[in-house]
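Have a look at the structure below before the remarks.
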Amino acid sequence: MSYWLFKSEPSVFSIADLAASRGRRTHWDGVRNYQVRNFMRERMRVSDRAFFYPSSCAEPGIVGIVSIVKGAYPDPTQFDPDDPHFDPRSTRENPRWYMVDVALERQLARPITLAELKRYAGKELKGMALLRRGNRLSITPVSEAEWSFILSLERR
DNA sequence: GCCAACGTTGGC
DNA sequence: GCCAACGTTGGC
């Protein structure tokens, strides 16, 4: 069982959108980065859990927990010429991009902001992928120690 | 295969 | 809106 962090711009898809989705569940489509694709295909498994992290917004941070409910399968938006994520190099026989399905487990009692996480960047969260300089990956791995430490902040 | 130009991400 | 970081593209 692995842990992850999923970024999403709230103007595109917020945790409220996820909460309002049928079955509180969605397809995590639109990933167009090879490293992230490989995470999904090679390491992500059903019942893995992930933090939901709004990015590019007033207060980036962790606001909820999702679980993986379906493992990697081809992202149909790569085949749709009318979709902004269309990729002409992809074929149905040889898809290039994958997605997983996630379901909302719960929202946190309070947001744990990026600013707060950064306070532990030199200690408990040293080396956390999210906090590494220049990190732009939309999905990053979270270690078990990072996961439980971050959750311990929730009720503080 | 190199590398400059370009586009995107994402915090501030 | 700015800018640093960094992945991708394409000419050579």
Side-chain angles (χ1 to χ4, degrees), chain A residues 2-21 26-44 48-66 68 71-102 104-105 107-143 145-147 149-154 156:
Chain A
S2 306
Y3 298 99
W4 306 94
L5 181 143
F6 281 50
K7 294 179 189 171
S8 182
E9 295 184 35
S11 59
V12 178
F13 191 78
S14 69
I15 195 159
D17 294 328
L18 179 57
S21 300
T26 194
H27 316 292
W28 204 268
D29 61 16
V31 168
R32 293 296 181 271
N33 172 282
Y34 291 107
Q35 205 178 332
V36 174
R37 179 200 67 181
N38 294 343
F39 285 156
M40 290 194 295
R41 277 203 313 204
E42 294 159 19
R43 296 171 53 186
M44 207 174 284
D48 280 2
R49 295 162 86 208
F51 289 130
F52 188 101
Y53 176 100
S55 66
S56 292
C57 57
E59 195 148 78
I62 293 166
V63 299
I65 295 174
V66 300
I68 309 303
Y73 62 107
D75 176 349
T77 63
Q78 70 194 303
F79 307 123
D80 179 359
D82 296 325
D83 192 282
H85 295 295
F86 176 62
D87 187 339
R89 301 162 301 183
S90 289
T91 62
R92 303 229 174 229
E93 298 69 34
N94 193 13
R96 186 173 296 232
W97 304 113
Y98 287 74
M99 64 184 189
V100 296
D101 290 1
V102 303
L104 180 61
E105 191 168 300
Q107 298 191 232
L108 297 193
R110 66 177 186 90
I112 299 170
T113 64
L114 176 62
E116 182 173 358
L117 295 172
K118 280 181 169 174
R119 294 210 286 270
Y120 306 97
K123 209 179 161 200
E124 290 92 340
L125 299 180
K126 196 187 204 93
M128 185 179 179
L130 174 75
L131 303 178
R132 275 206 292 266
R133 185 175 160 81
N135 161 56
R136 298 181 314 159
L137 299 179
S138 60
I139 297 177
T140 52
V142 174
S143 74
E146 290 160 356
W147 180 270
F149 175 74
I150 290 167
L151 280 181
S152 79
L153 297 173
E154 184 184 9
R156 238 182 235 187

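All chains are named by letter (A, B, ...) in the order of the sequence lines, taking the proteins before the strands, and each is independently numbered beginning at 1. Only heavy atoms go into these numbers, but all of them, side chains included; no hydrogens, no water, no symmetry mates.
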Nearest-Å distance, [atom1] ([X]) to [atom2] ([N])?
X	N	atom1	atom2	answer
A:Leu5	B:dT9	CG	P	16 Å
A:Leu131	B:dG11	CG	C1'	12 Å
A:Leu137	B:dG11	CG	P	13 Å
A:Trp97	C:dT8	CH2	P	7 Å
A:Asn135	C:dC6	CG	P	9 Å
A:Arg132	C:dG7	CZ	P	12 Å
A:Asn33	C:dT9	CG	P	11 Å
A:Phe6	B:dG10	CZ	P	14 Å

Selected nucleotide, minimal atom distance to A:Tyr34 side chain, candidates B:dG11, C:dT8, B:dG7
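For A:Tyr34, the side-chain atoms sit closest to C:dT8.
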
Ignoring the backbone of A:Arg136, work out which of B:dG11, B:dG10, B:dT8 is nearest its side chain.
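When the side chain of A:Arg136 is considered, B:dT8 is the closest of B:dG11, B:dG10, B:dT8.
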
Are A:Asp75 and A:Arg32 ion-paired here, with the side-chain N under 4.0 Å from a carboxylate O?
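Looking at A:Arg32 together with A:Asp75, the answer is yes, because their closest N to O distance falls below 4.0 Å.
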
Taking NZ, NE, NH1 and NH2 as the nitrogens, is one of them in A:Glu116 or A:Arg110 under 4.0 Å from a carboxylate oxygen of the other?
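Salt bridge present between A:Glu116 and A:Arg110.
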
Would you say A:Tyr3 and A:Glu146 make side-chain contact, with heavy atoms under 4.5 Å?
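Answer no - side chains too far apart.
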
Less than 4.0 angstrom between a side-chain N/O of A:Tyr53 and OP1 or OP2 of B:dG11, yes or no?
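Yes, within the criterion.
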
Can you check whether A:Lys7 has a side-chain N or O nearer than 4.0 Å to OP1 or OP2 of B:dG10?
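For A:Lys7, the contact criterion (side-chain N or O under 4.0 Å from OP1 or OP2 of B:dG10) is met.
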
Donor on one side chain, acceptor on other, A:Asp87 and A:Trp97, under 3.5 Å:
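Side chains of A:Asp87 and A:Trp97: pair found under 3.5 Å.
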
Contact class for A:Arg89 (heavy atom, under 4.0 Å): base, sugar-phosphate, or nothing?
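Since only primed, P, OP1 and OP2 atoms lie under 4.0 Å of A:Arg89, the category is sugar-phosphate.
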
